[in-house]
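Data block below; observations after.
None of the values given here were measured: they were computed from a predicted structure. Here is the naming used below: chain letters follow the sequence lines, and residue numbers restart at 1 for every chain.
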Number of protein chains: 2
Amino acid sequence: MSIFSKLSFKDQAFKLRENAILDATTSILGSKGYDLMTMDDVANAVGISKPSLYKHFKSKEDLVGEALIRLIDGAIDFLAQLDDELPPFEKLKSLLEWALRVRLEGGMPFLPSTSNHVREMLMRNLKYITRVLKLNGQIEKLVLAAQKTGDLNPELPSDVILFSYYSRTCDPAVEYLQRFSKMDNEAIIQHMLQVALGGLTK
Amino acid sequence: MSIFSKLSFKDQAFKLRENAILDATTSILGSKGYDLMTMDDVANAVGISKPSLYKHFKSKEDLVGEALIRLIDGAIDFLAQLDDELPPFEKLKSLLEWALRVRLEGGMPFLPSTSNHVREMLMRNLKYITRVLKLNGQIEKLVLAAQKTGDLNPELPSDVILFSYYSRTCDPAVEYLQRFSKMDNEAIIQHMLQVALGGLTK
DNA sequence: AATTTCCGCTACTAATTAGTAGATATTATT
DNA sequence: AATAATATCTACTAATTAGTAGCGGAAATT
């Protein structure tokens with residue numbers, strides 16, 4: 001038992017540091033983006049050396065992939081925790097609200113849209129693809145259901161709705177409002193939701 | 001006159017090549033983005049050497065700045081050529097339609113939103129800033145006017161409308177639809193317009 | 001206390017790429 | 001035709017950065 005608990009303790013510390021690394025990665029990705037984020041940036045932010053960083057993640061691509069997987073998992077967990085009785089449209093609205101809040105606070109990047117290079121890299125990451133497909137399947141179902149009830153426009157092709165929905169989670173208007181308007185985060189979220197769902201004409 | 005015409009001819013050739021360089025830059029920026037675009041890429045695409053490229057533009061930042069300035073000027077020209085009698089809302093709609101079409105055809109990047117690095121670089125480019133402010137002033141006026149007529153939601157803060165409007169010109173949903181749906185470019189444009197203005201709920 | 005094991009670090013390599021020096025070809029001038 | 005001027009290229013430099021070799025020191029074991 002003493003050996004076991006020691007190992008377990010070491011593993012725990014290891015896991016803890018891994019999380020710290022992913023936190024730092026998420027934040028740096030949010031501010032500098034993939035191409036400008038260096039492995040030294042991440043190592044320095046965590047307070048370890050680069051070779052130690054490579055003990056946890058075998059490459060930059062791997063590291064970024066894991067950070068994004070954690071993000072997707074967060075979205076999946078959020079959906080799972082919602083009241084099952086909630087109408088599909090309300091679930092979609094909550095999820096978008098959650099995504100906007102996470103982004104305004106921690107700086108979630110949602111990179112796939114940003115650069116072809118990053119997108120292609122992620123397409124080669126099977127673990128990432130698996131999670132994305134899982135989340136996408138759930139969201140797709142919600143979209144179709146919300147179109148059936150008429151909460152979402154049934155005349156729009158559902159992939160138009162789906163892709164537009166994803167786009168709103170990384171809408172650059174959020175950053176511009178945060179930087180140039182005097183609104184607080186909650187006001188930004190509410191306005192973004194209103195525009196995303198109801199449009200600009202009202 | 002012979003000296004003059006010769007100089008003028010040389011200048012013309014120079015200008016012609018400069019345009020070819022800017023075309024190549026725009027296209028490469030659209031596909032690879034700023035960080036991954038190399039000066040060798042551009043030189044090769046045009047069929048000249050890198051030092052020749054530097055005869056036209058003194059740095060990568062300068063080159064990209066000029067490419068974006070040409071883009072902004074295109075938007076300003078488009079607005080100027082519109083029928084003055086057109087209601088503000090229709091002008092905004094036309095301009096967005098134009099921007100989406102340019103992007104679907106040539107691959108306009110509208111980078112500012114993409115990366116902090118690029119945005120900061122552009123903020124130091126006075127010539128670029130001047131054009132952007134000119135265009136922004138015109139769009140801002142149109143937004144306010146369209147809110148007054150009620151075509152755009154008068155209850156939304158006008159900067160929310162303004163930033164959301166800009167965001168739609170670089171909405172990643174466009175690329176996803178182009179890649180994964182069977183729609184043609186015109187159908188994509190019409191759906192994007194509908195979603196941008198009327199939202200997802202109808 | 002002596003020895004082994006393992007962890008993390010400093011200091012490197014290799015590859016990429018913005019930008020340039022200086023050689024070479026081409027055109028204009030006498 | 002010979003020379004001057006200009007344009008373009010090949011081949012470099014310097015800086016950055018992903019990824020690694022191998023050393024030094026701490027902890028565990030005897």
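- With sequence neighbours excluded, the residues forming a side-chain contact (heavy atoms from CB on, under 4.5 Å) with A/E140 are A/N136, A/L162, listed by chain and number.
- Nucleotide D/dT17 holds its P atom 8 Å from the NZ atom of A/K32, rounded to whole Å.
- Here B/S52 reaches the OP1 or OP2 of D/dC9: one of its side-chain N or O atoms lies under 4.0 Å away.
- Contact check, A/R17 against C/dC7: no side-chain N or O comes under 4.0 Å of OP1 or OP2.
- Legend: residues meeting side-chain contact (heavy atoms from CB on, under 4.5 Å) with B/S59, ordered by chain and number and at least two apart, are B/E61, B/D62.
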Could you pull out the protein-nucleic contacts involving nucleotides 20-23 of chain D (nitrogen or oxygen on both sides, under 3.5 Å)?
none

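- Side-chain proximity of A/K60 to D/dA18, D/dC9, C/dG19: nearest is D/dA18.
- The interatomic distance linking A/M37 (CE) with D/dG19 (C1') rounds to 14 Å, in whole Å.
- Stacking of B/R119 on the aromatic ring of A/Y176 is recorded, both the 6.0 Å distance cut-off and the 45° axial limit being met.
- The salt bridge (Lys or Arg N to Asp or Glu O under 4.0 Å) pairs that include a residue from residues 89-102 of chain B are B/D84-B/K91, B/E97-B/R101, B/R101-B/E186, where partners are two or more places apart or lie in different chains.
- A/E61 has its CD atom 8 Å from the P atom of D/dG19, to the nearest Å.
- One can place CD1 of A/I48 at 12 Å from C1' of C/dC7, the figure rounded to the nearest angstrom.
- The side-chain contact (heavy atoms from CB on, under 4.5 Å) search around B/Q81 returns B/F78, not counting sequence neighbours.
- Remark: B/H191 engages no residue in a ring pair (Phe, Tyr, Trp, His ring centres under 6.0 Å) (not counting sequence neighbours).
- The side chain of B/S49 sits closest to D/dC9 out of C/dG19, C/dG8, D/dC9.
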